[in-house]
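Below: one structure, written as structure tokens.
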Amino acid sequence: MNKLKTIFFGTPDIAVPYLELAHELTDVQLVVTQADKPRGRGMVITPCPVKSRALELGLPVRSPDKLKDIYEEVKNIPFDIGVVVAFGKIFRPDFLALAKTGFLNVHFSLLPLLRGAAPVQHSLFNNFSKTGVSVFWIAPGMDDGPLFLQKEIPIDPQDDAQSLFGKLIPLGLEALKETLTRLEAGEIIKIPQTGEPTLAPMIKKEGALICFDTMAAEEIHHRVRGLACGPKARTSICLHGKEEPLQILRTRLPDGPEPPADAAVRAGTVLRVESPNGILVKCKQGSIWITQVHPAGKKPMPAAAYANGHGIKPGTEVFIFHG
């Protein structure tokens, strides 16, 4: 049996194992990634992870600024399926029509929930109890094409974006392997998405701000979980009359019911400092333990060590975000 002829579209690290699987199971005609960009501290023009791996595998690669720049080339490549994983560009209808069977995308949510660029992060922001992977046929809309298959997993309360990606990537590989195997056997499945869709847009820099005076403790905790892979949750801290940025890497909600809040204590006030718990901070509603932080220009450290090193004591209003 002849292998499916595919073109693979992907860019970041998480797409690399999917390229490897496509290379193993199909005849990859071309790999398409986003254009090379400045990376690292030296801002050196560097190929993305998928391009680097494709070159190691001896596969032809194109990294156009726009898909229309390679339309004529792709038009002349006979291929059955476009396989798309974390590519980051929108496909026009004329480009989608180039594949004999269609374009398949591996998406890290149970569509139609969390359509968009950041489904893993938003599943944590919203404290979902489950999520999964959808393999679906790309249509001109935003992640609204028919499904080939879905696989579901629970989200552990201790999961953050990093650990959840660690579970979803192998689940997605399992889903893609099953999809390609069934396609090679001639089985084509197109199940319309049903239910109310929700969105998971790309997280902008301002979406990483933690404001204790406007956010409840649970909201802060779930946002920190979702931002574990970046952009990292951040706030401003006032030390000795100066405002400094501070990344918040890990948090924990207090165990058990909290005592009645003192209305005179402002949000952003430090309530306790202790090791290993960290810094307990008053929020708009409730309080939260900050357990790990990353000060500017230094390495990540336990929050209690940071507090002790900077003279942060209970009763000080240091976690007030000023914009």
Side-chain angles (χ1 to χ4, degrees), residues 121-129 155-164 203-323:
Q121 295 89 329
H122 283 272
S123 70
L124 294 165
F125 292 169
N126 291 286
N127 195 27
F128 282 6
S129 61
I155 300 178
D156 190 279
Q158 304 305 315
D159 274 328
D160 62 14
Q162 187 172 6
S163 64
L164 191 52
I203 302 159
K204 298 181 180 179
K205 190 176 180 180
E206 54 268 26
L209 296 177
I210 300 299
C211 305
F212 295 92
D213 54 345
T214 62
M215 300 170 70
E218 286 195 3
E219 180 184 358
I220 292 172
H221 178 60
H222 299 316
R223 186 151 290 267
V224 172
R225 292 170 67 204
L227 295 170
C229 292
K232 298 296 174 65
R234 61 188 177 89
T235 190
S236 287
I237 185 165
C238 296
L239 296 172
H240 314 298
K242 294 182 179 180
E243 187 173 314
E244 297 181 7
L246 182 70
Q247 290 184 352
I248 301 174
L249 302 185
R250 291 189 180 276
T251 56
R252 182 174 66 79
L253 295 171
D255 298 323
E258 294 190 59
D262 185 344
V265 178
R266 294 178 58 191
T269 299
V270 174
L271 301 178
R272 294 165 65 183
V273 176
E274 58 184 52
S275 183
N277 287 323
I279 307 170
L280 184 65
V281 183
K282 173 79 177 291
C283 306
K284 179 184 178 182
Q285 294 177 6
S287 59
I288 191 167
W289 285 104
I290 299 173
T291 61
Q292 187 180 35
V293 297
H294 189 178
K298 297 183 180 179
K299 294 181 179 180
M301 65 176 64
Y306 175 80
N308 292 330
H310 290 80
I312 298 172
K313 302 182 183 302
T316 53
E317 298 179 2
V318 292
F319 288 95
I320 303 293
F321 184 73
H322 296 289

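Here the structure is a predicted model, which is why all the values come from computation and not from measurement.
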Any side-chain heavy-atom pair from Gln292 and Pro300 closer than 4.5 angstrom?
-> yes

Kindly compute the distance separating CD1 (Ile290) from OH (Tyr306), expressed to the nearest 0.5 Å.
-> 10.0 Å

For Asn126, the side chain to side chain contact (heavy atoms under 4.5 Å, CB included) test, sequence neighbours excluded, returns His122, Phe128

Can you tell me if Thr235 uses its side chain to pair, donor with acceptor, with the backbone of Ile210 under 3.5 Å?
-> yes

Taken to the nearest 0.5 Å, the spacing of Cys238 SG from Glu317 CD works out to 9.5 Å

Between CD1 on residue Ile279 and OG1 on residue Thr291, distance to nearest 0.5 Å = 9.5 Å

Just wondering, do Met301 and Pro295 contact through their side chains at under 4.5 Å, heavy atoms?
-> yes

Indicate the atoms forming the closest heavy-atom contact of Gly286 with Ala217, along with that distance.
-> C-CB, 4.1 Å

Is there side-chain contact between Phe212 and Arg266, with at least one heavy-atom pair below 4.5 Å?
-> no

What's the verdict on side-chain contact (heavy atoms from CB on, under 4.5 Å) for Val318 and Val281, showing C-alpha distance, side-chain angles and the deciding distance?
-> CA-CA 9 Å; Val318 292; Val281 183; over 6 Å; no

Determine the minimum heavy-atom distance between Gly226 and Gln121, stating which atoms define it.
-> O-CG, 3.1 Å

For residues Val265 and Lys282, report the shortest heavy-atom separation together with the two atoms involved.
-> O-NZ, 2.8 Å

Polar side-chain atom of Arg223 near backbone of Gly207 as donor-acceptor pair, under 3.5 Å = yes

Does a side-chain heavy-atom distance below 4.5 Å link Phe125 with Leu227?
-> yes

Value rounded to 0.5 Å, distance of CD1 in Ile220 from OG1 in Thr251 = 8.0 Å

Partner residues of Gln162 under the side-chain hydrogen bond (donor to acceptor under 3.5 Å, both in side chains) criterion, sequence neighbours left out = none

What are the two closest non-hydrogen atoms of Ser287 and Leu280, and how far apart are they?
-> OG-CD1, 3.6 Å

Any side-chain heavy-atom pair from Val224 and Asp160 closer than 4.5 angstrom?
-> no

Spatial distance of atom OG1 (Thr269) from atom CG (Asp213) [nearest 0.5 Å] = 10.5 Å

Specify the closest pair of heavy atoms between Leu249 and His294, including all atoms of both residues, with the distance to one decimal.
-> CD1-CB, 3.9 Å

Heavy-atom closest pair, residues Ala161 and Leu124 = N-CD1, 3.2 Å

Check whether any side-chain heavy atom of Glu243 sits under 4.5 Å from a side-chain heavy atom of Ser236, and report yes or no.
-> yes

Are there more than 12 heavy atoms of other residues, nucleotides or ligands under 6.0 Å from atom CD of Glu274?
-> yes

Side chains of Ile312 and Ile237: does their closest heavy-atom pair fall under 4.5 Å?
-> yes

Can you tell me which residue pairs pass the ring pair (Phe, Tyr, Trp, His ring centres under 6.0 Å) test with a partner in residues 218-250, sequence neighbours excluded?
-> none

Side chain of Arg225, backbone of Asp159: donor and acceptor closer than 3.5 Å?
-> yes

Atom pair CE (Met215) and CD1 (Ile288), whose distance is rounded to the nearest 0.5 Å = 9.0 Å

Heavy atoms, side chains only, cut-off 4.5 Å: are Arg234 and Leu246 in contact?
-> no

